[in-house]
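Letters go in sequence order (proteins before strands), and every chain restarts at 1.
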Amino acid sequence: MALDNQDFVIFLSTIEKFVKEKLIPREEEVVKTNKIPESIISEMKNLGIFGLSIPTEYGGSNLSMLQEVKIAFELGKAAPAFRSIAGTNIGIGSQTIVMSGTEKQKEKYLPKFATGEIIGSFALTEPDAGSDAMSIQTKAEKIGNKYIINGTKRYITNAPMADVFSVMARTKPEKSSSSISCFLVDASLNGITIGEPDSKMGQRGAITSDVIFENCEVSEEALLGNKEGIGFKTAMKVLDRGRLHISAICVGLAERLLQESLNYSTHRKQFGQTISSFQLIQAMIADSQSDILAAKGLILNAALKRDKNENITLESSCAKLFSSEMLGRIADRAVQIHGGAGYMSEYPVERLYRDARLFRIYEGTSQIQQLIIARETINNFLKS
Amino acid sequence: MKILVPVKRVIDYNVKIRVNAEGSAVETNNVKMSMNPFDEIAVEEAVRLKEAGIAEEIIIVSIGDKGAQETIRTAFAMGGDRGVHILTDKNTEPLVVAKILKEIVVKENVDLVILGKQAIDDDSNQTGQMLAAILDWPQGTFASKLDIDGKKIKVVREIDGGLETLEMTIPAIITTDLRLNEPRYASLPNIMKAKRKEISEVNIDDLKIDTKNRLEVLKVSEPAIREGGRKVEDVDELIKMLKNEAGVI
């Protein structure tokens, strides 16, 4: 059961306040320290942000997709690093267990994911396997009632603070989705080395690093769903939800950038008037506003469909492609509207411009989304 | 100890206020509403007293239309125990509110009422004082610190030129100032737990009291737009302007 509307409105208003009063004022501090303050993380846990999507029987709030994207519209207004800390718990980390985990795995992990007592991290990408995810080299060999994991994972979000990794590893040599399994690996096990945090273009405070598995021994109970070959397929199935969530974060960040541009352009004077009275500036504002509303409509429509249990592979990829690309355009216009000031670190748009760039890359690049959209559209045509 | 906390649903403090087309009131259509910020502080203080083992029950009351239930539920999520909703579509002025609150105080055997010092919509700053008067209870208004020891309450108030400390005995009325505490957020787990808390709804007309307003709003208007200043070349020009244009010398 999703949260009823009155209760949801109360929570949405909490999130709006939290973003405005607690997150946005501490963005600069996060940039300087490359770390989300502990007090913020613990407040995010108390507010229930980590458990948004987890079923109520495991201590979460089981928000509908529509509710989840409305929360993401708000969270997206703050620097993306804040949301990132809870991203795996809300998204792919918990959802793969919800969909395919054994009862024992659900009981072990979901309640702690929901409270944020443990932080999850999803480990798929490797040095030689990005968009071509099926070509991962990390292996899990079964010996007796144990699996031995060997391999290197790259750009793994939250790796240094993670308590549990969802590790995608090959259990068969053939290049097929059923050759890849998912293991729930406690970070405290022997044979796991966390690399130095990556030095990134933006999103400081959101930490990624290598995770290296060397003869890491896990019990067979760590195998997702107690079954080989379902890990990759499950991850692909929960991607729809993750893509919509990320799309909604893009909208939030785009709204923030537009706000910053409006604040600036309605105060900055040139040629004796505020620059917002010039039509060439107005054109950029109009294009940005239209982009935001178009993305919002696309996301809300897809969320409604998913809540009716309809397949949204096409819609969620369209939403991810359009929202991340429009965010790129808006970030660019925001800097342009700010002029020289937009190039200076003193104004938040310079930083948000760099933060925004990642959205066209992770959770499936724009090009991968195009392939999915084309495939779905052509298949739909051939089937009809 | 039983605490009563009245909460008012007002236009959210982030919203830019606009006067309606008729100039009779502030526009409330399609405007985000939330709990009066001073009332949030009052709820927070009551919850802290309960957490400290000083209070046993916190009753939340709100007067207003159906939407007031959302405000009561927000107070539940912060820690309020049960609610009373006085249903009315009319605006109620401070004296009417005080009279209604008195009914509830007597009926529920309340020991302490904590109110916001004022609501950010009409800024009346009267309800707490009026309630103290009609109950003939002591009042500690604009509280910035509260200490309760048995039946004794110490209230620190911020006044011009410093701090004033009052001592009074329960039952009493407290109104909250901005610095009393920092209210907690209504968290999702607590919103969900609050589902089980009950609100009893009472129609304002079923109360056996005179709820007629004595005040009438004649007109509401936007503040006059401030005209920009002007620069003068020299003292002579300034004197000329003060004489001829401003007419002050």
Run the side chain to side chain contact (heavy atoms under 4.5 Å, CB included) check on A/T56 and B/M192 step by step: do they pass?
CA-CA 10 Å; A/T56 43; B/M192 295 178 75; 3.5 Å; yes
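In terms of heavy-atom proximity, B/A186 sits nearest to A/I10 at CB-CG2, 4.0 Å. In terms of heavy-atom proximity, B/P189 sits nearest to A/G48 at CD-CA, 3.7 Å.
Within the 4.5 angstrom heavy-atom criterion, no atom of B/F76 approaches chain A. Residue B/D12 does not touch chain A at all, counting heavy-atom pairs closer than 4.5 Å.
Within 6.0 Å of atom CD in B/E233, 12 or fewer heavy atoms from other residues, nucleotides or ligands are found, so the atom counts as exposed in its surroundings. Around the CD atom of B/E198, the shell of radius 6.0 Å holds no more than 12 heavy atoms that belong to other residues, nucleotides or ligands. Environment of CG in B/D147: crowded, with over 12 heavy atoms of neighbouring residues, nucleotides or ligands closer than 6.0 Å.
Within residues 46-70 of chain B, the residues that have a heavy atom under 4.5 Å from a heavy atom of chain A are B/Q69, B/E70, listed by number. Contacts of residues 13-23 of chain A with chain B at a heavy-atom distance below 4.5 Å involve A/S13, A/T14, A/E16, A/K17, A/F18, A/K20, A/E21, A/K22, listed in sequence order.
Separating the CG atom in B/L188 from the CZ atom in A/F8 is a distance of 9.0 Å, to the nearest 0.5 Å. How far NZ of A/K45 is from OG of B/S187: 14.5 Å, rounded to the nearest 0.5 Å.
Of the listed residues (A/I49, A/T115, A/L47), the one with the most heavy-atom contacts under 4.5 Å to chain B is A/L47.
A salt bridge is defined here as a Lys NZ or Arg NE, NH1 or NH2 lying under 4.0 Å from an Asp or Glu carboxylate O, and B/R73 with A/D7 fails to meet this definition.
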